[in-house]
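Chain letters run A, B, ... following the sequence lines, proteins first, then strands; residues in each count from 1. Scope of the values below: all heavy atoms of this structure, side chains included, with no hydrogens, waters or symmetry mates.
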Number of protein chains: 2
Amino acid sequence: MLGKKRVDVASSEEITRFLNVTPVQFRKDLSYFGGFGKRGVGYDVARLTREIERILGTDAAWKIAIVGAGKLGSALLGYSGFHELNLQIVAAFDSSPERIGKVRQGVRIESTSRMKDILRKKGIRIAVLAVPADFAQKVGEELVRCGVKAVLNFAPVNLVLPEGVSVSNVDMASELESLIYKLKGERA
Amino acid sequence: MLGKKRVDVASSEEITRFLNVTPVQFRKDLSYFGGFGKRGVGYDVARLTREIERILGTDAAWKIAIVGAGKLGSALLGYSGFHELNLQIVAAFDSSPERIGKVRQGVRIESTSRMKDILRKKGIRIAVLAVPADFAQKVGEELVRCGVKAVLNFAPVNLVLPEGVSVSNVDMASELESLIYKLKGERA
DNA sequence: GATTGTTTGTGAAAATCGGAACAATGTCCA
DNA sequence: TGGACATTGTTCCGATTTTCACAAACAATC
């Protein structure tokens, strides 16, 4: 309880102070993969980081593609959160002729007609879908035919893809609905 | 079982065909708020829509503000999902002088220094945060001082705000982490 | 070295969630 | 009217998740 703070070691409570999980949950989740902490001391932050990266698979670099280079797609191309994990945006696609050929954030926007070639050649298995809602389902299915195994969908539709393909729908409207619902609850 | 389809009435099974919930779950959730369906028949679609909107609070219009008018913020200004709910973007803020004063999607971008005035005057309680990660926590706290009660955070940090303020972190990186983890599992 | 205080890891209890089964209620048709 | 069929709303139950409680392990101090 001295003024000296060791930044290289942190307790589960200190760590979860800025996460939205409880210390117990944090410890239990970690213990499932093995005990990385020292009792009475805490967790070696450097080692913990390495272990978590190994568990999550973010120690090796993953190549991802962004499909749809409109406003949202362009924004995602520059989104810093991807780089901080080991996610490399190595391809971008759009169907609009005036966007094809342009280079954004060092990535050349290709025609969607070339998706299969490029995705297969580069061995990309993760795609971020940022096309208008009307096209999302169709393009998503095309991605599956291109060998993609995981899709992060930003279009405001519920993307449904075959078994074996992971889909994560980032539904901003739903998130806002939840917030509104909570707000209403406080009023009542 | 005739060819005639009544589009004004639908069963829970028909409704959930395009949702990712089971019919039972759908009925159970609804029954928590009251029985809106007719046994043996189904749900009156028009009424169901009204009831759900009432429950979620999207029957009345909500005014929201977007803070940060960079790539992501601009994209969100044009995001169609907001309009489909009853969410009106009535204010946008940025700290960068070259963006202030510009009009995007009919909304004038104001200086962040004017946040408190405008947010309070317009009675805005919901804000969408799309600023760089380094500023997110600071700006979020400022929003709370401006009377905001719910924040949808797009910055790749875990925003923590005081009790009584709802925070929803749209963490795209986390979503991708989950996808990667699933992908790894299939490999092993 | 014993003692005290701290923190992890884990086993058990509690709560929550999702699915299956079923009774209640409605339509339709003879 | 009565019977066959369809669909909701609810109860029950198993599984999963979250929380609680505590023993084990470690550091620091006397």
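Rounding to whole angstrom units, CG of residue D44(B) and P of dT27(C) are separated by 13 Å. Per the geometry, CG belonging to D29(A) stands 8 Å off P belonging to dT18(D), to the nearest Å. Atom-to-atom, CD of E14(A) to C1' of dT6(C) comes out at 11 Å; the value is rounded to the nearest Å. For the pair R17(A) CZ and dT7(C) P, the computed distance is 10 Å after rounding to whole Å.
In this structure, R50(A) does not pair ionically with E53(A), as no charged nitrogen and carboxylate oxygen lie closer than 4.0 Å.
Contacts of R17(B) classified as salt bridge (Lys or Arg N to Asp or Glu O under 4.0 Å), with partners at least two apart in sequence or in another chain: none. By the side chain to side chain donor-acceptor pair (under 3.5 Å) test, R39(A) pairs with no residue at all, sequence neighbours left out. With sequence neighbours left out, S31(B) forms a side chain to side chain donor-acceptor pair (under 3.5 Å) with no residue at all. R104(A) pairs by the salt bridge (Lys or Arg N to Asp or Glu O under 4.0 Å) definition with nothing, not counting sequence neighbours. When the ring pair (Phe, Tyr, Trp, His ring centres under 6.0 Å) test is applied to Y79(B), the partners found at least two apart in sequence or on another chain are F82(B). Here N169(B) pairs with N153(B) under the side chain to side chain donor-acceptor pair (under 3.5 Å) rule; sequence neighbours left out. Residues forming a side chain to side chain donor-acceptor pair (under 3.5 Å) with R114(A) (at least two apart in sequence, or on another chain): E110(A).
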Using a 4.0 Å heavy-atom cut-off to protein, can you give one letter per nucleotide of nucleotides 8-19 of chain C, 5' to 3': B if the base is in contact, S if only the sugar-phosphate is, - if neither? BBBBB-----SB
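Rotation axes derived from the C1' atoms of the five outermost pairs at either end of the helix from dG1(C)-dC30(D) to dA30(C)-dT1(D) lie 10° apart, to the nearest 10°.
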